[in-house]
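Naming: A, B, ... by sequence-line order, numbering from 1 per chain.
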There are 2 protein chains.
Amino acid sequence: MKSNISMKNIAKELNVSIVTVSKALNDKDGVSDELKLKIKDLADKMGYRYNMLAKSMRDGLSYNIGVIIPEHFLGDDKSYYFSVFKHLSQIMEKYQYCAILQVLNAEDENGVILPKFYYDKKVDGLIVLGQVNKAYIKALQNIEIPVVFLDFYDENTNVDSITVDNYSGAYELTNYLIKNGHVNISFVGDIYATSSIQDRYLGMCKSLLEHGIKLREDYVICDRDEHGKYIELKFPKDMPTAFVCNCDGVAYNLIIKLKEMGFRVPEDFSVVGFDNDIYATISDPQITTVEVDVEEMAGTAVKSILDKVKKENRSRGRSMIKGRIIYRDSVKKINR
Amino acid sequence: MKSNISMKNIAKELNVSIVTVSKALNDKDGVSDELKLKIKDLADKMGYRYNMLAKSMRDGLSYNIGVIIPEHFLGDDKSYYFSVFKHLSQIMEKYQYCAILQVLNAEDENGVILPKFYYDKKVDGLIVLGQVNKAYIKALQNIEIPVVFLDFYDENTNVDSITVDNYSGAYELTNYLIKNGHVNISFVGDIYATSSIQDRYLGMCKSLLEHGIKLREDYVICDRDEHGKYIELKFPKDMPTAFVCNCDGVAYNLIIKLKEMGFRVPEDFSVVGFDNDIYATISDPQITTVEVDVEEMAGTAVKSILDKVKKENRSRGRSMIKGRIIYRDSVKKINR
DNA sequence: CTGAAAGCGCTTACAG
DNA sequence: CTGAAAGCGCTTACAG
């Protein structure tokens, strides 16, 4: 237990200087191989652990990156962000960095209270994972350390962002529906809620446009209120034959609702989602959706923030990570 | 942006010593109120941020606690642990501590590789959230910083632990079933997998014992293989009338299976779960289950680990957090 | 190949 | 009320 060995202890034991110990332990030149080995062995034996704090002090770098996940826009299924964080932290480890996570609650978000680890200078950079409100974004622009937005962007700021290519994803998903004979296609989602949802909506619009299909106004079905809470879906008088949902959770709810109304999916209605999260496979039928390479997304974010920390400050702007359609059982081919 | 103000800068600006600035900013005695105010104002104006690293160095304390969540035993639904972590980090903040999260993957768990933040002396203590294997537990016993187990315990170690009172929870749940006329009650879960499952199983046994009901051997139904993967449930020849499931996820699967077999829940079979997670409410019917006060659990863990860090080293042994039954629609009263 | 000196930003104990 | 000195554990730049 209680030991707390420092280089000083090792140096004294071996009658060498602390400088020499430091060089040996860091595999630097200027120590004979023999001595180096001896020092390393003793360090091991004494249970020496490197004190990152001391290096931090010298370098003026904490070797930590803060990750902020706003609770606000999270639904019941937090596992997606959890999974992203896991990858972030694993990738950072390779660069000798640790990830410190802060779940930002609504109160702190609205009060624009930055995480304690920022005020304590415990982090060298910030990754914001999930959309935060305008005021918070503004505050983030004025801080002293680099910031990267992950899984959302804000057009009014020049903060680099990494997002899923929502636009292309929804575009291809809609193309797939059209290829299967669908023309009357509805979008389910609050197109004012987040930029992700907007991009998904517009990706669908592009596909419709390309195929000369006009989107009816009442085919855009809102799924949540201004607090992000899901609301009862209001269907148009003339039902579409297919629904493009802004996420799998909503697709899941929609399918349940349709079944309650006595319809079958996909026989009566086709449904597609987005994200490939737990709701896509929990659903009956399982949902055709878009999956993102989380590891690639995380890797891009880490590289981006560490570049900035190291002042290799080339701005990357928006990076988009392409999704991949997962074909399942919620879409049926129909005859026009 | 780039400023990095230290106490030195403030001191120079005001022609006072660094010591005086330190005292003023920390609201200590030995500075006139007037000067104190002047210093604080200037610090604000210059955008001074306290450098926790420097304090850490002096104190030999990082003011971070590491949280380890093993991926291994996590099912699809990671939101429970995510939620516990959120509370942990929020509570720590009140004590001037930050939480650093490490998701422990199977590889590192089997190779008994402790998190980087331990080797870097970046944390003062460790909270292990979720059961890890024997070898890992053993390694944790020999490290230089205090450790607390959260949501599991190991009888062979003297590491303090905080767990849900699984035993009482399952006991009361089973009492409830018996009160509703059930006698043929089955347990669904691998009773060798984790101590939590064991305790839930034995809580049920106690209730049966008290009511003079003998548990048939074939009424203990295994739900997963040795890797923690769910397997097909094997029902006994004579079906019970009620199932006590070791968690809501399994209860959810069971209900689906029963419905596929043409049965109705709760009309033909009653089912209860544990945890009150997403599966309890996603299910049709919604599942009667046991909910834990996550905040209390997190608070107990934080207090426990910080006591140890501060050397107020009274061992607390096992702390149990009582659960609360959430009554829903998956249990039916029957006549014996 | 080896090491004495200075410094990272703070605080504590002590002196004035 | 104010501040000079020492030290936390390391590393860099320099001297021998």
Distance check needed: [N] [atom2] versus [X] [atom1], whole Å only.
{"X": "A/Lys23", "N": "D/dT12", "atom1": "NZ", "atom2": "P", "answer": "10 Å"}
{"X": "B/Leu35", "N": "D/dC1", "atom1": "CG", "atom2": "P", "answer": "10 Å"}
{"X": "B/Asp29", "N": "C/dA13", "atom1": "CG", "atom2": "P", "answer": "14 Å"}
{"X": "A/Ile18", "N": "D/dA13", "atom1": "CD1", "atom2": "C1'", "answer": "17 Å"}
{"X": "A/Asp59", "N": "D/dT11", "atom1": "CG", "atom2": "C1'", "answer": "8 Å"}
{"X": "A/Asp33", "N": "C/dT2", "atom1": "CG", "atom2": "P", "answer": "10 Å"}
{"X": "B/Met57", "N": "D/dA6", "atom1": "CE", "atom2": "C1'", "answer": "13 Å"}
{"X": "B/Asn15", "N": "D/dG3", "atom1": "CG", "atom2": "C1'", "answer": "13 Å"}

Any side-chain N or O of [X] under 4.0 Å from OP1/OP2 of [N]?
{"X": "A/Ser22", "N": "D/dG9", "answer": "no"}
{"X": "B/Tyr63", "N": "C/dC10", "answer": "no"}
{"X": "A/Ser32", "N": "C/dT2", "answer": "yes"}
{"X": "A/Tyr48", "N": "D/dC10", "answer": "yes"}

Report task. Measure from the side-chain N and O atoms of A/Lys308 to the backbone N and O of A/Ser315, and report whether any donor-acceptor pair falls under 3.5 Å. Result -> no

Query raised in the report: If you take all heavy atoms of A/Gln141 and A/Val159, which pair is closest and at what distance?
Result: CG-CG2, 4.2 Å

Report summary line: Shortest non-hydrogen pair, A/Phe152 vs A/Gly130, comes out as CE2-O, 3.3 Å

Does [X] reach a base, just sugar-phosphate, or nothing at all? Heavy atoms under 4.0 Å.
{"X": "B/Asn26", "result": "sugar-phosphate"}
{"X": "A/Leu53", "result": "nothing"}
{"X": "B/Lys28", "result": "sugar-phosphate"}
{"X": "B/Lys36", "result": "nothing"}

Report summary line: By nearest-heavy-atom nucleotide on DNA chain D, the more 5' of B/Val19 and A/Val21 is B/Val19

Query raised in the report: Going by an N to O cut-off under 4.0 Å, is there a salt bridge joining B/Lys322 and B/Asp293?
Result: no

Report task. Nearest-nucleotide wise, let me know which of B/Tyr50 and A/Val31 is further upstream toward the 5' end of DNA chain C. Result -> A/Val31

Query raised in the report: Is there a donor and acceptor pair closer than 3.5 Å between the side chain of B/Lys121 and the base of D/dG9?
Result: no

Picking from [options], which would you name as closest to the side chain of [X]?
{"X": "A/Thr20", "options": "C/dT2, D/dT11, C/dT11", "answer": "C/dT2"}
{"X": "B/Ser6", "options": "D/dC10, C/dG9, C/dA5", "answer": "C/dG9"}
{"X": "B/Arg58", "options": "D/dC10, C/dT12, C/dG3", "answer": "C/dT12"}

Query raised in the report: Should A/Tyr97 and A/Val302 count as side-chain neighbours, where that means a heavy-atom distance under 4.5 Å?
Result: no

Requested in this report: Answer yes if the side chains of B/Asp120 and A/Tyr63 hold a donor-acceptor pair under 3.5 Å, and no otherwise.
Outcome: no

Query raised in the report: Mind checking who D/dA15 pairs with, Watson-Crick or G-U wobble, both distances under 3.5 Å?
Result: C/dT2

